[in-house]
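Proteins come first, then strands; the chains are lettered A, B, ... in the order of their sequence lines, and each starts at number 1.
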4 protein chains.
Amino acid sequence: MTLDRPRRPRSARAHDAVLTATSALMREDGITAITIDRIAARSGVSTATIYKHWPCKAAIIAEAFGRDTAEVVALPDTGRPIDDLVTYATDLLTHYTSSEGALFAQLLAACATEPQAAPYFHEFFLMPRRAAVEPFWDRAAEAGLTRPGVDAAAATDVLLGALVFRLMSGHGSLSPDEVRKLVDHALHGLLAPAPADPASTGTQPHGRRLRT
Amino acid sequence: MTLDRPRRPRSARAHDAVLTATSALMREDGITAITIDRIAARSGVSTATIYKHWPCKAAIIAEAFGRDTAEVVALPDTGRPIDDLVTYATDLLTHYTSSEGALFAQLLAACATEPQAAPYFHEFFLMPRRAAVEPFWDRAAEAGLTRPGVDAAAATDVLLGALVFRLMSGHGSLSPDEVRKLVDHALHGLLAPAPADPASTGTQPHGRRLRT
Amino acid sequence: MTLDRPRRPRSARAHDAVLTATSALMREDGITAITIDRIAARSGVSTATIYKHWPCKAAIIAEAFGRDTAEVVALPDTGRPIDDLVTYATDLLTHYTSSEGALFAQLLAACATEPQAAPYFHEFFLMPRRAAVEPFWDRAAEAGLTRPGVDAAAATDVLLGALVFRLMSGHGSLSPDEVRKLVDHALHGLLAPAPADPASTGTQPHGRRLRT
Amino acid sequence: MTLDRPRRPRSARAHDAVLTATSALMREDGITAITIDRIAARSGVSTATIYKHWPCKAAIIAEAFGRDTAEVVALPDTGRPIDDLVTYATDLLTHYTSSEGALFAQLLAACATEPQAAPYFHEFFLMPRRAAVEPFWDRAAEAGLTRPGVDAAAATDVLLGALVFRLMSGHGSLSPDEVRKLVDHALHGLLAPAPADPASTGTQPHGRRLRT
DNA sequence: TCATAAGCGAGACGGTACGTCTCGTCTTGGG
DNA sequence: CCCAAGACGAGACGTACCGTCTCGCTTATGA
C-alpha cells in the first residue's frame, strides 16, 4: 500500500489508483454501489485527495469507464465502407447489450444527475470514441455513401440513441433481432424512401432488402 | 390539513396529493431537489403512507411526470401522413428541448438508478404516449409510407433516442437546426439511398439486405 | 383469525385474547419486541378496540404479567415464621433471577416510561402479591419477630429493591450467593447490631435515632 | 455554530456539547422528551456524529446524568462512621425524592430498555458514586460497625433498591417519613435482632444460617 | 542546505435523505 | 351498536453518503 522510494510524484499514482479501483468496483458491484469512501478504501487514496482530482463521483466514473472502453469494438476496414459501417454499428450496439450496457446506462444517469461530470464524460468517453469513427464517416461522406448533413456526431447519437433510451428506461427488448432492427432503422430511416418514380408499387421491393 | 367529512376514501386523496405536490416541486426546483420529506410536507401525506403507494421516489416522479405530460404535443392530421409525422416529430423533440427535457432526462436517470421505477415509467409515461401515436404509425404503415418492420415502439425509440442521449450526457447542441437534423436523420436514415444497381457484393448478405 | 359464531359478547373475549396474546409474545420475544400491532394481529382484536380497553401498551403488559404471575412462589408455612420468611424471600428473589426477572425489569421500565400504566401495575401485579404476603408479615409482627415499623409494603420494597436495581441497570451479579447476600442484608440489616451495652460510642444509640 | 480557529480538536468539543445539551433537555422536558434529533439540534452536533460517540440514546443520558451527579450529596466526616452513614443515606434518598429521582428512574428505564447503555450507566454513574462511598464502608467494616459480608456494592444496592423500586413503579410514598423508614430498614434489617441466647428456637440460629 | 510550501493518508465532522417503524386516531363496512 | 381491518398523520429511529476540514507526516523545490 505504501511504496517507499518515489514519494512526491504521487499525484499520478493516486490518480491511477483511483481509476483502477473505480473500474474494479464498477465491474464487481455496479455503479450504484460505488461510493467515494469505497473508492478511497480500495485505492488507498484519501477522500480529500480524490476531491482534489475530480469534482464529483460521476466524473471519476466517466474517466474510468472511458479509459477502460478504449476501443472494445474494432473498426473493420474491408474497403467496403457501407458494410464496415453496418458491421461496426451492429457490433457496437451488441456490445452495449451486455452488462457493459448497464454500466453505460448508469454512467449516463450519473452524468445527468451530477452536471459537473458532463465534461469528463465528454472528454474521456465520448470524444475518443467519436474520434475513432470520425474518419470513417468522413470517408463515407466523401464517397457519397451517407446522406447529406450526416457527420460523426449526429451519426453516433442517432445510432446509439435508441439503445441508450432502452437501456435507461429498461423498456424494450435488446435481443439480437431488436438490435439489428434499431441499427437498420437508424441507418436507413424510418420512412420509406421517397419513390423515385411515383408510379411504382405501393409496397415496394425494400421489404426484401430490409427484413433481417 | 384535516378535512372532515369523507375520511376513509383517503387512499385516492393521498395519491393525488402526492402526485400534485411532486409535479409542483419538480417544476420549481428540479427533480434532484425532490425529497420524500419535501413531498410529504408539501402534500400533507406522511412518508410512511407514500412508501405504501410507491416503492421509491423515481416511481412517484415517473407517474407524476406521465400524468402531466398527457399529450403536450398535438398530433396533427392533415391527411398527408408524412407531413404529419415530420411535424409531430419535430414538435416533440422541440418540446423536450425546453426545461421539460431536463426533467425528462433526470426522470430517466432516476429510472436507471432505481430499477423499481421502470414499470411506473413504462405504465404512466411511455405506454400512453406510444398508444397515442401508434394508430398513426399503423396507418402510415398500411399506406406503405414507412419502411417495413417499423412499428410505434421502434419508431419512438429511434426518434427520441438521439435527443435522450444528448439530454442525458449534456453533449451536443439542441438548437432548432440540430433538432431538425436529428429528426431528418431518424426519419430518412443515416445512409444515402442505395444506388439503382443491386449487383454489388456476392459475398455477404447484409450489403444487399441493408443498402436501401 | 375470523371466528364467526359469538359476535356480540365480545368485550370479555377481546380482553382475554389480548392478555393471552401479550403473555405469549412476551415469553417468546421479550417485552421490547411487543407492539400494539403484533398484539392485535396475534389476538385478532383490532388496535382500536385495544385502545378502548387500555390506555397504553405498558398497561396491557402489566395486567398480563400480573395475571400470569399469580403466586409463582409458594408461601411455606412450617410454623416457624422466621424460617418461612427466609425461605420465601430467597425463593422469590431466585425466581426473578431467571428470565422472568428480565421481563419484570422491562415491565417496570415500561411503567416508568408510561405513567398511565402505573395503576395497572399496582392493581394487577403489586397488590395481589402484597396481599398474599401481608398476613404473613402481620403474624410475624405480632409475634415480635420483625423490627418495629416493618409492614408488608416496606418489607416487599426493601426485599425486592436491590434485586430490582440490579435487574434494571444490569450491574451486579445475580448468582445464588449474591441473592442470598441480598436477602440476608435486607432481613438483618447492613449495620452490625448495636452492642448490648449502650455505652460504647459517645455518639449515642443510632438505633433509636433512626428507628421510625 | 461555526467556530473558526481550533477546528479539528472537535471530538472533545462535540462530546461535551452533546452531554451539555442532553443535560439541559433532560431538566427542561424530562428524559422521555429527549430525542437524538433534539440533542443534535441543541448541541450543533449532527446525528451521525452522535451515533459515532454513543451506541444509543440511553448511553448519552447515562453519561450526562452521571457527569451532572458528581457528588450532589456530600459525604460528611464527623469521625463517627455510623452517624455519617446514616446522614449520607438519608440525604441521598431524600435527594432522589425530588425531580432528580424521576430523572433517575427514567434513566434506569432507558438502561433496561436499551441494554447497550448499561456499561455507560455503570461507568459514568454507578462506579464513581460507589467509589466515593467505598472507603467509607471499608472503614466502617474495619471498625466492625457493619455486618460481616457487607461491601459498598451490596450496601448501595440495598440502600437505594427500595427507593428505586418505588420510583420506577410509582407506588408507595416517598415522604420524608417513608424515606427514613426505608433507610432504617436497610441499615438495621427487617427482622428483629436475634435474641442474645442462641438456644431459643429449635430451628437453630437463623442469624448464623443466613449471615454470609 | 535547509526552510517553506505543498501533497498526501487518515478520518472526524455537519448536513441531509433515506426507508422503516410504532403509536394512537379514524373510517369503512359487515353483522 | 360494536367490531376487524387497516389506512392514515406524525415523527423518531439508525444508517449511509457526501464533500469539507484538520491533523501530522512526507517530500520537492528555491533561497
- Let me see the working for B:Phe65 and B:Phe121 under ring-ring contact (aromatic ring centres under 6.0 Å, His included), right down to the final yes or no. CA-CA 9 Å; B:Phe65 193 80; B:Phe121 175 76; 8.4 Å; no
- For E:dG7, does OP1 or OP2 lie under 4.0 Å from any side-chain N or O of A:His53? no
- Query: Considering only E:dT25, E:dG19, F:dC8, which nucleotide approaches the side chain of B:Tyr51 most closely?
  - Reply: E:dG19
- Query: In whole angstroms, how far is the P atom of E:dG19 from the CD1 atom of B:Ile34?
  - Reply: 14 Å
- Item | Rounded interatomic separation in angstrom, taking CZ from A:Arg42 and C1' from E:dA10 | 19 Å
- Item | Distance in angstrom units between C:Ile60 CD1 and E:dG24 C1', rounded | 12 Å
- Message: Heavy-atom nearest nucleotide on DNA chain F for A:Ala48 versus A:Ile36: which residue maps closer to 5'?
- Response: A:Ile36
- Going by atom types only, do A:Thr20 and A:Ser23 share a side-chain donor-acceptor pair under 3.5 Å? no
- Round to a whole Å and report the spacing from CG of C:Asp37 to P of E:dC23. 7 Å
- Indicate yes or no: at least one non-hydrogen side-chain atom of D:Leu108 is less than 4.5 angstrom from one of D:Met168. yes
- Query: Looking across every strand, which nucleic acid part, if any, lies under 4.0 Å from B:Ala40 by heavy atom: base, sugar-phosphate, or nothing?
  - Reply: nothing
- Message: I want to check one thing: is the phosphate of F:dC8, taken as OP1 and OP2, less than 4.0 Å away from some side-chain N or O of B:Ser46?
- Response: no
- Between F:dA4, F:dC13, F:dC8, which nucleotide has the shortest distance from any of its atoms to the side chain of C:Thr49? F:dA4
With a cut-off of 3.5 Å and sequence neighbours excluded, list every side-chain donor-acceptor pair involving residues 54-63 of chain D.
{"from": "D:Trp54", "atom 1": "NE1", "to": "D:Glu63", "atom 2": "OE1", "distance (Å)": "2.8"}
{"from": "D:Lys57", "atom 1": "NZ", "to": "D:Ile34", "atom 2": "O", "distance (Å)": "3.2"}
{"from": "D:Glu63", "atom 1": "OE2", "to": "D:His15", "atom 2": "NE2", "distance (Å)": "2.8"}

- Within this structure, what is the CD1-to-P distance between D:Ile39 and F:dG14, rounded to whole angstrom? 11 Å
- Message: Nearest to the side chain of B:Thr47, heavy atoms from C-beta on, is which of F:dC8, E:dT20, F:dA4?
- Response: E:dT20
- Message: Holding to side-chain contact (heavy atoms from CB on, under 4.5 Å), I want the full list of residues that pass it with A:Ala21, two or more places apart in sequence or in another chain.
- Response: A:Arg42, A:Ser43
- For B:His15 and F:dA7, give me the distance from atom NE2 to atom C1', rounded to whole Å. 15 Å
- Nearest whole angstrom, please: distance from the P of F:dC13 to the CZ of D:Arg38. 11 Å
- Task: Using atom CD1 of B:Ile50 as one end and atom C1' of E:dC21 as the other, report the distance to the nearest whole Å.
- Result: 16 Å
- Message: Let me spell it out: for each of C:Gln116 and D:Lys52, pick the nucleotide of DNA chain E with the closest heavy atom. Which residue's pick is nearer the 5' end?
- Response: D:Lys52
